[in-house]
Amino acid sequence: MHPILDHRPRLWAYVAVWTVAGILMSALMRSSGEFTSLQSLFYAVPMTLMLGVAGLSAWYLCRVFPLGATHFLRIAFVFGLTATLTTVVWMLAGELWIAALGQLSPALEFAERSVSQWRIWFAIGAILYLLTAAVHYLLAAMETAREREKNEFELKVLAQASELKALRAQINPHFLFNSLNSVSALIGRNPKAARGMVNQLADFFRKSLQYGAEEHITLEQEMELLTHYLEIEHVRFGDRLHVRTEVSDEARLARVPSLLLQPLIENAIKHGVGQRVEGGTVEVTGKPLGPVLELRVRNDRDPVAASGRGTGMGLDNVRRRLNALYGSDANLRVMAEERSFEVVLTLPFRKEIEA
């Protein structure tokens, strides 16, 4: 579709520009002293608008012979020929219009035009047509750039969606493998605890399937999933694992990516508390700080075993998910000390909208 005809404000602007050009042409005709004000107005404005209509055809030539993909001499030939033919037809139409005006009123009758006047009008028509073609090339370049930006944005969105899907798909298998290893270890020495852990796993995955299908859930729902997960870990670690949570009521209404904290808690237990003979504490805190939500996961750790913390897959997963969802509006910071390890998340604080 033509970018001017398909856009009403742009169409009115196009008509207005050509109308102003017609009024200016009328003033030039009047200033020559060869035409009356009435003749100048009734001839110049309609003729200029007629040329503007004819100039719309230049758009399709611009699409057929795009800049950069067509040799300059070919473009010059095509538009030179088109400008010539269009101007000749336009001038012949002008003669018919002059005859029609003479039929309407004697005051609008024109004297026979000289060769020099024909040359002037031909030059004016050709120049205006070529200027119109230049404007259409500009519009074509703008449309191409806009289409490219649109495609790039769509590709970026699709890439982010694919990345998020892949990242979320990593969470459950990673956790499941670790949990099954724990069940395997418990079967021989504590079958009852192993059966309890299997039941807890079933409850956890039932909830994770319910919430995990959503891109975002409330922090309250995330904490519910976390509770099921920690019950599973309590079967493994018993009294060696202590958990302390301090999440404000307002923070619990916030929307967060599903299964955001579970990889961090898993790291805190596996690489922190799990490395200490006496066990330790995992702390989870959450509170809004103006426009952002701050979440902290802190754990005790053995300074000797701290260097072998792991591959960092959990941290990298969370960082990449935050980056894909929020860009620079979210952040993940790590504060590692000799006897503690803390992960601080900040992301936009957006509350769940109640139905």
Side-chain angles (χ1 to χ4, degrees), residues 168 171-172 174-175 178-179 182 200-201 203-205 207-208 211-212 214 216-276 278-290 292-302 306 309-310 312-319 321-322 325-326 330-337 339-352:
R168 290 169 65 190
I171 297 172
N172 282 341
H174 185 252
F175 163 68
N178 289 338
S179 299
S182 299
Q200 294 288 357
L201 275 171
D203 291 337
F204 174 80
F205 278 107
K207 284 292 184 183
S208 67
Y211 295 144
E214 302 292 332
H216 291 83
I217 59 177
T218 63
L219 185 56
E220 175 69 29
Q221 293 169 324
E222 180 75 9
M223 295 303 295
E224 183 182 352
L225 279 173
L226 205 56
T227 299
H228 284 289
Y229 173 76
L230 289 171
E231 287 176 354
I232 295 170
E233 297 293 15
H234 270 299
V235 175
R236 293 175 57 198
F237 293 97
D239 294 337
R240 293 176 58 216
L241 175 62
H242 303 278
V243 178
R244 195 159 50 236
T245 61
E246 188 177 339
V247 180
S248 69
D249 292 338
E250 188 177 11
R252 290 176 181 270
L253 298 176
R255 289 173 57 82
V256 297
S258 59
L259 294 173
L260 177 69
L261 295 178
Q262 185 271 330
L264 303 180
I265 300 298
E266 183 178 347
N267 276 355
I269 295 175
K270 180 178 180 180
H271 304 294
V273 174
Q275 300 293 326
R276 291 162 55 95
E278 70 277 21
T281 301
V282 176
E283 299 177 1
V284 182
T285 61
K287 59 182 178 181
L289 297 175
V292 301
L293 174 69
E294 181 186 80
L295 300 172
R296 292 175 177 263
V297 176
R298 180 193 174 280
N299 62 271
D300 297 325
R301 70 171 180 172
D302 187 336
R309 183 165 177 82
M313 189 190 83
L315 285 174
D316 183 60
N317 184 296
V318 173
R319 182 181 287 108
R321 289 181 69 198
L322 289 176
L325 287 168
Y326 305 110
N331 187 34
L332 183 151
R333 303 193 320 272
V334 172
M335 294 184 289
E337 299 181 1
R339 295 186 177 277
S340 68
F341 189 89
E342 185 172 18
V343 179
V344 182
L345 305 178
T346 55
L347 59 152
F349 179 42
R350 298 167 184 165
K351 289 186 179 180
E352 176 73 5

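What you see below is based on every heavy atom in this structure, not just the backbone, and it leaves out hydrogens, waters and symmetry mates. Note that this is a predicted model, so its numbers are computed, not measured.
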Between [atom1] on residue [X] and [atom2] on residue [Y], distance to nearest 0.5 Å:
{"X": "Leu322", "Y": "Asn331", "atom1": "CG", "atom2": "CG", "value": "8.5 Å"}
{"X": "Glu278", "Y": "Asp302", "atom1": "CD", "atom2": "CG", "value": "7.5 Å"}
{"X": "Leu295", "Y": "Leu264", "atom1": "CG", "atom2": "CG", "value": "9.0 Å"}
{"X": "Gln221", "Y": "Arg252", "atom1": "CD", "atom2": "CZ", "value": "12.0 Å"}
{"X": "Phe237", "Y": "Lys270", "atom1": "CZ", "atom2": "NZ", "value": "10.0 Å"}
{"X": "Leu219", "Y": "Glu250", "atom1": "CG", "atom2": "CD", "value": "11.5 Å"}

Could you pull out the closest heavy-atom pair between [X] and [Y], with the gap in Å?
{"X": "Leu347", "Y": "Pro257", "result": "CD1-CD, 4.1 Å"}
{"X": "Arg298", "Y": "Ser340", "result": "NH2-CB, 3.4 Å"}
{"X": "Ile269", "Y": "Tyr229", "result": "CD1-CE2, 4.1 Å"}
{"X": "Tyr326", "Y": "His216", "result": "OH-NE2, 3.1 Å"}
{"X": "Thr281", "Y": "Asp300", "result": "N-OD2, 2.9 Å"}
{"X": "Leu261", "Y": "Val297", "result": "CD2-CG2, 4.2 Å"}

Using a strict cut-off of less than 4.0 Å between a Lys/Arg side-chain nitrogen and an Asp/Glu carboxylate oxygen, indicate whether Arg301 and Glu337 qualify as a salt bridge. no
List the steps and the verdict of side chain to side chain contact (heavy atoms under 4.5 Å, CB included) for Leu260 and Val318. CA-CA 7 Å; Leu260 177 69; Val318 173; 3.7 Å; yes
Only counting residues at least two apart or in another chain, list the ones meeting side-chain contact (heavy atoms from CB on, under 4.5 Å) with Arg296. Thr285, Glu294, Arg333, Met335, Glu342, Val344
Walk me through it: do Asn299 and His271 pass the test side chain to side chain contact (heavy atoms under 4.5 Å, CB included)? CA-CA 9 Å; Asn299 62 271; His271 304 294; over 6 Å; no
Under the criterion side chain to side chain contact (heavy atoms under 4.5 Å, CB included), I'd like the reasoning laid out for Gln262 against Leu225: C-alpha separation, chi angles, the key distance, then a yes or no. CA-CA 8 Å; Gln262 185 271 330; Leu225 279 173; over 6 Å; no
Evaluate Val282 against Glu233 for side chain to side chain contact (heavy atoms under 4.5 Å, CB included), listing each step before the verdict. CA-CA 12 Å; Val282 176; Glu233 297 293 15; over 6 Å; no
